[in-house]
Amino acid sequence: MLGKLAVRNTKRSLKDYLIYLITITISFSLMLAFNLVVSSGEVAKLSSGMGSFKNVLAFINVVIIFVICFLINYTTRFMLEKRSRELGTYMLLGIRKKDIARLLVLENILLGAFAFALAIPAGFVFSQFVSLVIVRLLGVPKVIFISVNLVSIGLLAVYFLAIYALVLLNLLRRIRKMTVHDFLYFEKQNEKKMFHSSRRRNYIFAVSAVIGAASLLLWHSRCSFEKINEQSTLTCFMISMILLIISIYGISATCADLLLSVLLKSKKMKYRKDNMFVARGFASKVRTMSFTFGTLSVLILLSLLCLNFSGINKGVYRTSIELNAPYDVEVSDWSRPFDDFNEYIRVIDEDYTIRETLEYSVYRETEHQIQDYYDVQFYPYDPVMKLSDYNKCLKLRNMDTIELKADEYFLVTDRQLLYKVEDNSAIKSIRFSGSELHLKGIDTKSFWYRINNCGRFMVIVPDESVKGLEILERHLLVDTKEDTNAELREKIVTKLGHLLTETDEDGEVHNEQYRVNVRGVAVEEQNTMTAMMAGLCLYIAFILISAVGTILAVQSLSDAAKYRYRYRTLQRLGVNDKALFATIRKQLWILFGVPVVYSVFSAFCMLTSVNHVYQLMLEGRFTYLIYFAGSLAIFFLIYGIYWAAAYTGFKRTISEER
């Protein structure tokens, strides 16, 4: 009998909690889709970085499991509340609490199994879209078909069992503590006022606001080139996030009561239209949902940060390529004697059309130590390049050349390290090979990480000034007509491995493959990173937003069924449908809007701070605002779908009582 009853109740739940079912199904299907993609052998061959994609995804799935657990646990609580009188009646009829618990467990398993069954074909379809996105981002001119494999489905089954084991154990614990009275009156429990003292409420709100401001200031203080690489920065970021979360929970617990108090003090505002009805309903809801609202705000904040990080990561794509590999092929050599670059050119020429080659030398100057400002421990001298070589490098990149007088020098450095020498009067004039040189300017656009071995800066001087200086390094730059790829680097390393090894004084052989840099490899790695970050961040953001939207939608639909009498009272007082639905919309705007406000504000402040580090790698100083606006658009698009579904269900529930 319990089995038939469980099946009947599950069918009824499919109608009542359709939004919840859809969200769970999509969540499981996305988990399966990403697992199918990372387990595909053809996808793994696209890039060497796809291996780390699988490891990162495993960690992310653990986080997603807890988010889904929170969602399912919250929904089962509403199911229990809605059916409390039914379950209490079962106990009065002689059904044991153990059997009732078994009934609820069976219902939830059936509902979850239905979502799991739907997730398998949906996940297979989603995996094709994920594969298409990855292929496009990697620039691969082919389509990869993702096939279904039992390992990924089995892994999804493990996730499913882990989630429902945690949720159902918590459900059983809650039922075990309930009595017949608790079941019969669970739905009728009065809301408890959290703060009986307005002074205490105001104090907690003020302290929470101060903590929030302090956390954002701490975050901002570490977002600079001077401090971003310090070991203490990560600790400060973690402390900042913890303080911000505490602030979110504190404000979520007090804002409703505070807003209601402000409204009640103003008679003009209090008695205007339906303000009193809406405010009372919202305040009573948040007083019993303060912890939940805090959790939802945290989830919204994390989703916005993921969306923004995905956008910024794509925004720095071109800059990252130019910093890592602005030339098609680069070969560095600091051995003694220097190798002949002709062998490298010969290997490259076998598969590519070489348009131009350039060799330049890096000299060392020990008289003046600009490197002291960079803290380059293994470089106790200044790396120097003569002007003619530097201008040839610029021409190869289609950049404007520079001119220097006999008593001038030019400094090329990383834009992230510009603060170390910018406005530094100590380097305005330097002693160089017995003469004095004056700084003409500093450039960051032409810098790339492999410009020399130290990868921090380069001193550009007139050709005459390098006479008598020791050659420190030799570099080869090759410009090819065709786009290079990772296979070229493997070919160079394989055929010229004897040139890329060095034996030290102890007879130990060191492999120096890093001396060869191919643009195609950097493009592939950056494409892989972009695909990973964009895909995973969007994956996390969608799950988090969907969880928040589902909880608020289920909450609102539960309220519609629980407080029908309130709306019937409004109708009896003469409120027409148009005004009634306007009131419902206002309630839902407030219910969905309140968790968003503080999260959006915090995300904007945090992104603005992070922009101090990223702005030099983006197209402009305020480019981050475009990504922030795009993130908000994606967020509100998904969030708005849940609001619309909640509003439609709310109206239907109210209309059924007429």
Side-chain angles (χ1 to χ4, degrees), residues 216-237 239-240 308-309 312-313 315-324 326 362 364-365 368-385 390 393-394 397 399-400 402 404 408-432 437-461 605-625 627:
L216 294 176
L217 288 174
L218 177 60
W219 180 280
H220 180 76
S221 67
R222 310 304 299 186
C223 292
S224 64
F225 292 126
E226 297 89 339
K227 298 181 180 180
I228 194 66
N229 293 320
E230 294 181 4
Q231 295 181 353
S232 59
T233 297
L234 180 59
T235 302
C236 290
F237 281 159
I239 294 174
S240 175
N308 281 287
F309 188 73
I312 290 178
N313 183 69
V316 301
Y317 170 84
R318 181 173 178 80
T319 304
S320 298
I321 295 296
E322 293 303 314
L323 281 173
N324 285 283
V362 177
R364 69 172 180 177
E365 167 59 43
H368 187 84
Q369 301 296 309
I370 295 180
Q371 66 86 25
D372 289 341
Y373 301 106
Y374 289 88
D375 191 25
V376 184
Q377 298 178 0
F378 58 91
Y379 234 47
Y381 34 75
D382 292 341
V384 178
M385 182 190 297
Y390 177 65
C393 293
L394 294 178
R397 297 172 64 179
M399 302 178 73
D400 295 332
I402 66 169
L404 293 177
E408 292 180 334
Y409 81 98
F410 196 72
L411 186 61
V412 180
T413 187
D414 185 1
R415 64 189 67 188
Q416 296 187 21
L417 298 175
L418 181 61
Y419 71 93
K420 290 181 175 289
V421 290
E422 191 176 27
D423 300 326
N424 189 339
S425 58
I427 64 171
K428 295 296 182 181
S429 298
I430 62 174
R431 296 295 302 173
F432 190 91
L437 298 181
H438 304 286
L439 178 64
K440 181 177 182 179
I442 303 177
D443 181 54
T444 59
K445 295 181 180 180
S446 60
F447 176 84
W448 74 99
Y449 292 135
R450 293 175 179 266
I451 192 171
N452 55 53
N453 188 31
C454 80
R456 298 294 191 275
F457 70 99
M458 180 73 82
V459 179
I460 312 299
V461 299
C605 292
M606 297 172 77
L607 183 63
T608 301
S609 299
V610 171
N611 185 57
H612 287 87
V613 177
Y614 278 96
Q615 63 180 346
L616 294 177
M617 301 183 69
L618 297 172
E619 294 180 359
R621 181 178 180 184
F622 299 103
T623 303
Y624 78 102
L625 295 177
Y627 297 114

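Position 1 is the first residue of the sequence; numbering continues from there. Computed from a prediction, not measured in an experiment: that's the story for all the values here.
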Those residues at least two apart in sequence (or on a different chain) that pass side chain to side chain contact (heavy atoms under 4.5 Å, CB included) with Leu217 are none
Closest heavy-atom pair, Trp219 versus Ser609, reported as atoms and distance to 0.1 Å, is CD1-CB, 3.7 Å
When rounded to the nearest 0.5 Å, the distance separating NZ of Lys420 from CG of Asp414 is 11.0 Å
Tell me, do Met385 and Val461 make a side-chain contact under 4.5 Å, heavy atoms counted? no
Hits for side chain to side chain donor-acceptor pair (under 3.5 Å) against Trp448, two or more places apart or cross-chain, chain-then-number order -> Glu330
#### Entry: Heavy-atom side-chain proximity of Leu394 to Asp400 below 4.5 angstrom
no
Between the CE atom in Met399 and the SG atom in Cys393, the distance rounded to the nearest 0.5 Å is 11.0 Å
Sequence neighbours excluded, the answer for ring-ring contact (aromatic ring centres under 6.0 Å, His included) partners of Tyr449 is none
Sorted by chain and number, sequence neighbours left out, side chain to side chain donor-acceptor pair (under 3.5 Å) with Asp443 holds for Ser446
With sequence neighbours left out, the residues meeting ring-ring contact (aromatic ring centres under 6.0 Å, His included) with His612 are His220
Taken in chain and number order and not counting sequence neighbours, the residues that satisfy side chain to side chain donor-acceptor pair (under 3.5 Å) with Ser232 are Arg222
Closest non-hydrogen contact found for Ile427 with Ile430 is O-CG2, 4.0 Å
Is the shortest side-chain heavy-atom distance between Lys440 and Leu411 below 4.5 Å? no
The side chain to side chain donor-acceptor pair (under 3.5 Å) partners of Ser221 (sequence neighbours excluded) come to none
Residues Met458 and Val362: closest non-hydrogen pair is CE-CG2, 3.8 Å
Interatomic distance, CG@Leu404 vs CD1@Ile460, rounded to 0.5 Å, equals 8.0 Å
Separation between CZ (Phe457) and CD1 (Ile370), nearest 0.5 Å, reads 6.0 Å
Practice problem: State whether the side chain of Asn611 and the backbone N or O of Leu607 hold a donor-acceptor pair below 3.5 Å, judged by distance alone. | Solution: no
Student check: side-chain heavy atoms of Val412 and Tyr390 closer than 4.5 Å: yes
Output for pair (Ile402 CD1, Glu408 CD), nearest 0.5 Å, gives 9.5 Å
Those residues at least two apart in sequence (or on a different chain) that pass salt bridge (charged side-chain N to carboxylate O under 4.0 Å, His left out) with Arg364 are Glu470
_Quick check: do His438 and Lys428 have side-chain heavy atoms less than 4.5 Å from each other?_
no
Arg397 meets the salt bridge (charged side-chain N to carboxylate O under 4.0 Å, His left out) criterion, sequence neighbours left out, with Glu322
Quiz prompt | Donor-acceptor contact below 3.5 Å, side chain Asn452 vs main chain Gly455 | solution = yes
Are the side chains of Tyr409 and Ser429 in contact, using a 4.5 Å heavy-atom criterion? no
Hits for side chain to side chain contact (heavy atoms under 4.5 Å, CB included) against Thr235, two or more places apart or cross-chain, chain-then-number order -> Ile239
For Ala426 and Tyr373, the nearest pair of non-hydrogen atoms, with its separation, is CB-OH, 3.0 Å
Nearest heavy-atom contact between Phe447 and Thr413 is CB-O, 3.3 Å
Correct closest heavy-atom pair for Pro383 and Cys454 would be CG-SG, 4.1 Å
